[in-house]
A.B. asks: 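Take a look at this one; I'll ask things after.
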Protein chains: 2
Amino acid sequence: MRVSREQCAENRQRILDVASKLFREKGFDGIGVADIMKGAGLTHGGFYGHFASKDVLIAQACARAMSGSVSSWAQIVEQRHDDAAAAIVDGYLSTKHRDRPGTGCLFAALGPDVARQGKPIRRVFTEGVRARLEILAGAVAGRSRAARRRKALATMSGLVGAMVLARAVDDPSLSEEILAAAAAEIGGQCSGHTSLDKSGGQG
Amino acid sequence: MRVSREQCAENRQRILDVASKLFREKGFDGIGVADIMKGAGLTHGGFYGHFASKDVLIAQACARAMSGSVSSWAQIVEQRHDDAAAAIVDGYLSTKHRDRPGTGCLFAALGPDVARQGKPIRRVFTEGVRARLEILAGAVAGRSRAARRRKALATMSGLVGAMVLARAVDDPSLSEEILAAAAAEIGGQCSGHTSLDKSGGQG
DNA sequence: ATTATCTATAGATCTATAGATAATGC
DNA sequence: ATTATCTATAGATCTATAGATAATGC
C-alpha cells in the first residue's frame with residue numbers, strides 16, 4: 001500500500017526518533033535497520049526509500065536528538081536564569097536520566113561509539129558540544145569569559161563522566177554515590193544531592 | 001600442529017591482550033572473534049579451546065586490562081606520593097592517552113558498552129571503579145575521609161567525561177581545550193595545562 | 001503515472017561447532 | 001594417548017537491492 005506525502009514525512013520522523021532512542025539504548029552496532037523499522041511500524045525494505053544507508057540514518061538521527069536536547073538546556077536557562085546551572089546539573093545527574101539512556105544525553109550514551117565513526121557523524125557531535133558549551137558558559141559563575149568557558153567545559157565533562165560511570169556500575173548504591181558526589185562537587189554549595197524529582201530524561 | 005603447555009598459556013594471554021586492545025578501539029560489537037584470533041596469530045576455530053564464548057572473553061580481557069591499569073595508578077602513588085593526584089590527572093588527560101584508546105582507560109573507551117552488558121562484565125567494571133576510587137581518595141586533598149572519597153569520585157567522573165568528549169569531537173583545538181579545561185578545574189592550582197610528555201596511555 | 005511501502009533475496013559477516021591434524025607429555 | 005590448533009561449515013543476522021503492489025496526486 002501507499003501513503004500520503006504527509007504520512008510519508010511523518011514516517012520519516014518516526015524512523016529518526018525510534019532510531020535515536022534505540023541507538024542510545026543499544027549502541028550503533030547493537031541495533032539493526034530491520035529492528036528500527038519494525039519499531040517504527042514499517043518493514044525493513046522500506047528503509048532505503050528514506051535513507052541512503054545506515055550511516056546517513058545515524059547522522060540524521062543524532063542531529064535531530066542533539067538539537068532537541070540543546071533546546072531543552074536553553075529552555076532551562078530561559079525559565080530559571082538565576083540558578084540555571086544548578087538546574088541543568090541536578091536534572092542531568094538524576095537517577096531518572098541514568099535509567100533512561102534512550103531519551104537522555106547522547107554523549108553519555110554514545111560518546112565512545114561516536115569516536116569510532118566517520119566525519120559526518122563526529123561533526124554533529126562537535127557542534128553539539130559547542131552549542132551546549134555556549135549555553136552552559138552563560139549560566140555558570142566566573143570572573144572572565146574565559147574562566148566561565150573553562151568551567152563550562154569542566155562541568156560538561158563531569159556530567160558526562162559521572163553518567164557513564166553510574167550506568168556502567170552494577171551496585172545501585174555506588175551508582176547513586178557517583179551521581180551525588182559529582183552533583184556536590186560540580187554544583188558547589190548550591191546543589192546538595194541527586195534530585196529524583198526533576199523533569200527527567202534530558203541530555 | 002600442537003604446541004607446548006607453556007606455549008598454550010602464552011597464547012591465551014596474548015588473545016586476552018589483543019582482545020582488550022581491539023575492544024577498546026572498536027567496541028565489543030565492533031570486532032569479531034575471528035579478527036581477534038588473527039591478531040593473536042591464531043585461527044578462528046582455536047578460540048573455543050580457550051574460552052567458552054565471546055562474553056567470557058570480554059569479561060576476562062577487561063578484568064586483565066583493569067587490573068593492569070589499577071596497578072599503574074598505584075605505582076604513580078608510590079613514586080610520587082606528594083603530588084600523586086596531579087600526576088594521575090595530567091597523565092590521564094594527555095593527548096597521548098586520547099590518541100591511544102587501545103591501551104587506555106577502559107571506562108572512557110567502553111563505559112556505555114559496558115552498561116549494555118550482563119552481570120559478570122559489569123561486576124568487573126564495578127570493582128575497577130572501587131579500586132581506583134580507593135587509590136584516588138588516598139591521593140586527593142580533603143578534610144574528612146568522606147570529603148576525599150567524594151572528591152575522588154568527582155575527579156574520576158571529570159577525567160572519564162573529558163576523555164569521552166575529547167575523543168568524540170572532530171576539531172583538534174576544541175578537543176585539546178576540553179582536556180586542558182578539565183585538567184585546570186580538576187587539578188585546581190597545581191596543574192596548569194595538558195601535559196604532552198607524560199608516560200602515556202594509562203587508564 | 002508516480003511513488004511509498006512491502007516481499008523476497010543476495011552477499012557478507014559473525015558466533016559457535018564438528019571433525020581432522022600433528023606435536024607434546026606420560 | 002592426550003590435546004592445542006586448524007579446516008570447514010552450520011545457522012543466524014545484517015546491510016543493501018530488485019521487483020511487485022497499491023494508493024496518492026496530477
Side-chain angles (χ1 to χ4, degrees), chain A residues 1-62 110 113-114 116-118 120-121, chain B residues 1-62 110 113-114 116-118 120-121:
Chain A
M1 67 225 175
R2 203 189 147 202
V3 135
S4 77
R5 185 164 298 185
E6 189 183 19
Q7 181 66 257
C8 171
E10 271 178 39
N11 287 348
R12 199 188 126 90
Q13 303 296 351
R14 203 166 60 255
I15 295 169
L16 288 172
D17 289 336
V18 168
S20 84
K21 185 184 179 196
L22 290 173
F23 285 145
R24 278 178 276 189
E25 286 175 357
K26 297 170 183 294
F28 295 137
D29 291 337
I31 187 76
V33 167
D35 283 332
I36 290 168
M37 291 299 278
K38 189 182 285 181
L42 298 166
T43 56
H44 178 188
F47 175 81
Y48 294 91
H50 289 286
F51 306 98
S53 69
K54 188 185 180 184
D55 270 0
V56 169
L57 171 69
I58 289 175
Q60 294 193 14
C62 287
L110 293 166
D113 284 42
V114 168
R116 300 168 196 133
Q117 300 293 322
I121 295 161
Chain B
M1 68 226 178
R2 203 189 148 202
V3 134
S4 78
R5 186 163 297 186
E6 190 183 17
Q7 181 66 258
C8 171
E10 271 178 40
N11 287 350
R12 199 188 127 90
Q13 302 295 352
R14 203 167 60 255
I15 295 170
L16 287 172
D17 289 336
V18 168
S20 83
K21 185 184 179 196
L22 290 174
F23 285 145
R24 279 178 275 189
E25 286 173 357
K26 297 169 183 295
F28 296 136
D29 291 338
I31 188 76
V33 167
D35 283 333
I36 290 168
M37 291 299 278
K38 189 184 284 183
L42 298 166
T43 56
H44 178 188
F47 174 81
Y48 294 91
H50 289 285
F51 305 98
S53 69
K54 188 185 180 184
D55 270 0
V56 170
L57 171 69
I58 289 174
Q60 294 194 13
C62 287
L110 293 166
D113 283 42
V114 169
R116 300 167 197 133
Q117 300 293 322
I121 296 161

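The shown structure was predicted, so the numbers you read here are calculated from the model rather than taken from an experiment. When reading the values below, keep in mind they use all heavy atoms of this one structure, side chains included, and skip hydrogens, waters and symmetry mates. Sequence lines set the chain letters: A, B, ... in the order given, protein chains first and strands last, and positions in each chain run from 1.
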A.B. asks: Name all residues meeting the side chain to side chain contact (heavy atoms under 4.5 Å, CB included) criterion together with Ser4(A); count only those two or more places apart in sequence or in a different chain, and write none if there are none.
C.D. replies: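 Glu6(A), Gln7(A).
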A.B. asks: Taking side chain to side chain contact (heavy atoms under 4.5 Å, CB included) as the definition, give me every residue that meets it alongside Lys26(B), ordered by chain and number, with sequence neighbours left out.
C.D. replies: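 For Lys26(B), the residues satisfying side chain to side chain contact (heavy atoms under 4.5 Å, CB included) (neighbours in sequence not counted) are Leu22(B), Ile31(B).
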A.B. asks: Once you round it to whole Å, what is the distance between C1' of dT3(D) and CZ of Arg5(B)?
C.D. replies: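 It is 9 Å, rounded to the nearest whole Å.
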A.B. asks: Tell me which residues in residues 10-26 of chain A put a heavy atom below 4.0 Å from DNA chain C, sorted by number, or none.
C.D. replies: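 The stretch gives Asn11(A) as the residues lying under 4.0 Å from the strand, ordered by number.
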A.B. asks: Would you check if Met37(B) and Thr43(B) make a side-chain contact, meaning some heavy-atom pair closer than 4.5 Å?
C.D. replies: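 No; the side chains remain at least 4.5 Å from each other.
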A.B. asks: Going by the rule side chain to side chain contact (heavy atoms under 4.5 Å, CB included), which residues pair with Gln60(A) if we only count those two or more places apart in sequence or in a different chain?
C.D. replies: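 Arg12(A), Leu16(A), Phe51(A), Val56(A).
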A.B. asks: Find the distance between CD (Glu10(A)) and CD1 (Ile15(A)) and round it off to the nearest 0.5 Å.
C.D. replies: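 Between atom CD of Glu10(A) and atom CD1 of Ile15(A) there are 12.0 Å.
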A.B. asks: Sequence neighbours left out, what passes side chain to side chain contact (heavy atoms under 4.5 Å, CB included) with Asp29(A)? Give chain and number order.
C.D. replies: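 Here the qualifying residues are Asp29(B).
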A.B. asks: For Asp35(B) and for Glu6(B), locate the closest nucleotide of DNA chain C by heavy-atom distance; then report the residue assigned to the nucleotide nearer the 5' terminus.
C.D. replies: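 Between the two, 5'-proximity favours Asp35(B).
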A.B. asks: Just grab all the ring-ring contact (aromatic ring centres under 6.0 Å, His included) pairs involving residues 2-23 of chain A, residues at least two apart or on different chains.
C.D. replies: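 Every ring-ring contact (aromatic ring centres under 6.0 Å, His included) pair that includes a residue of residues 2-23 of chain A, provided the two are not neighbours, is Phe23(A)-Phe28(A).
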A.B. asks: Treating primed atoms plus P, OP1 and OP2 as sugar-phosphate and everything else as base, which nucleotides of nucleotides 15-20 of chain C get B, S or - for protein heavy atoms under 4.0 Å?
C.D. replies: BBB---
A.B. asks: What integer distance in Å separates Gln7(A):CD from dA22(D):C1'?
C.D. replies: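 Atom CD in Gln7(A) sits about 15 Å away from atom C1' in dA22(D).
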A.B. asks: Taking side-chain hydrogen bond (donor to acceptor under 3.5 Å, both in side chains) as the test, write out the residues that go with Gln13(A), two or more places apart.
C.D. replies: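 Scan of Gln13(A) (side-chain hydrogen bond (donor to acceptor under 3.5 Å, both in side chains), adjacent residues dropped) gives Arg64(A).
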A.B. asks: Go through the structure and list residues passing side-chain hydrogen bond (donor to acceptor under 3.5 Å, both in side chains) with Arg14(B), not counting sequence neighbours.
C.D. replies: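 Here the qualifying residues are Asn11(B).
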A.B. asks: Tell me which pairs pass salt bridge (Lys or Arg N to Asp or Glu O under 4.0 Å) where either residue lies in residues 33-57 of chain A, with sequence neighbours left out.
C.D. replies: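 Every candidate salt bridge (Lys or Arg N to Asp or Glu O under 4.0 Å) pair involving residues 33-57 of chain A fails, so no pair, neighbours aside, qualifies.
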A.B. asks: Taking Watson-Crick and G-U wobble pairs with both distances under 3.5 Å, convert DNA chain D into its dot-bracket string, 5' to 3', dots for unpaired and | for cross-strand pairs.
C.D. replies: ||||||||||||||||||||||||..
